[in-house]
Amino acid sequence: MLFRSIAYASAWMKCHHPDVFCAALLNAQPMGFYAPAQIVRDAKLHGVEVRPVCVDRSDWDCTLEPVGRFFAVRLGLRMARGLAEIDGAKILDHRPAEGYRSVARLHRLAHVSVGGLNRLAEADGFQGLGLSRRQAMWAIRGLADTSLPLFAGIDDEAEPEVALAPMTAGRQVVEDYRATGLSLRRHPVAFLRGDLRARGIVSCADLATL
């Protein structure tokens, strides 16, 4: 009786509030049933917008942001694998109203460890600052957990820009899965679709028309 009630309540929530259902399941991870990538992909198939981890907008848990028929699900800082909750708390406690604006400013204001910053960069959490994954990781390389008196008077936000080769679309997806267990970009199989089609393998989408 109890399991039947839980199953019905879950099915009702998934049907009528897929945005809430998605955020709740992600915040309950690890569960041992469906992986985050499956939860997010199903939510998107049902019209839910899912937004990436962002140092300026994410809470620790996944949250809901007003957008339209459903809320958008904002991935929380918890989705960045290896990020300590204490570092997540520092980011939230010291976040300025105007946002952090740069990796160096976040490091200075929130005192997040360099290791924590790297976990965020690997999760592509600096997109809101206009930084790609590689640009953020490059910026972090100039930071340290201990102060260096010799460089104390130098403006840490005045570093010259460096042209970094952008990651390929496929590499971005691989790094997304490595850092967060999911990707909001293309499905991994999308990069193999042409080769699979050439070998006569039928996609699930095409099966309905056969």
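All residue numbers in this chain count up from 1 along the given sequence.
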*Asks:* Looking at Asn27, Val53, Leu77, which one forms a side-chain contact (heavy atoms from CB on, under 4.5 Å) with Cys62?
*Replies:* Asn27
*Asks:* May I ask you to test the Val40-Leu26 pair for a side-chain heavy-atom distance under 4.5 Å?
*Replies:*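 Yes, side chains in contact.
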*Asks:* Between Lys14 and Asp42, does any side-chain N to carboxylate O distance fall below 4.0 Å?
*Replies:*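 Yes, Lys14 and Asp42 are salt-bridged.
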*Asks:* Do Asp206 and Thr209 have side-chain N/O donor and acceptor atoms under 3.5 Å apart?
*Replies:*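 Distance-only check fails for Asp206 and Thr209.
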*Asks:* Just wondering, are more than 12 heavy atoms of other shown residues or ligands nearer than 6.0 Å to CG in Leu207?
*Replies:* yes
*Asks:* For Arg186 and Gly170, indicate whether the former's side chain and the latter's backbone hold a donor-acceptor pair under 3.5 Å.
*Replies:* no
*Asks:* Any carboxylate oxygen within less than 4.0 angstrom of a Lys/Arg side-chain nitrogen, looking at Glu98 and Arg105?
*Replies:*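 Yes, charged N to carboxylate O under 4.0 Å.
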*Asks:* Would you find more than 12 non-hydrogen atoms of other residues, nucleotides or ligands less than 6.0 Å from Arg57 atom CZ?
*Replies:*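 Atom CZ in Arg57 is not crowded, with 12 or fewer foreign heavy atoms closer than 6.0 Å.
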*Asks:* Looking at Arg119 and Asp87, is any side-chain nitrogen of the basic one under 4.0 Å from a carboxylate oxygen of the acidic one?
*Replies:* no
*Asks:* Between the side chains of Glu175 and Arg133, is the shortest nitrogen-to-carboxylate-oxygen separation below 4.0 Å, so that they form an ion pair?
*Replies:* no
*Asks:* Tell me whether Phe191 at atom CZ has more than 12 heavy atoms from other residues, nucleotides or ligands lying less than 6.0 Å away.
*Replies:* yes
*Asks:* Taking Leu182 as the fixed residue, which of Val173, Leu75, Asp176, Ile39 is the one that meets the side-chain contact (heavy atoms from CB on, under 4.5 Å) rule?
*Replies:* Leu75
*Asks:* For Leu64 and Asp19, what are the C-alpha separation, side-chain angles and deciding distance, and is it a side-chain contact (heavy atoms from CB on, under 4.5 Å)?
*Replies:* CA-CA 8 Å; Leu64 302 174; Asp19 43 2; 4.2 Å; yes
*Asks:* When you measure from the side chain of Thr63 to the backbone of Asp59, do you find a donor-acceptor pair of N or O atoms at a distance under 3.5 Å?
*Replies:* no
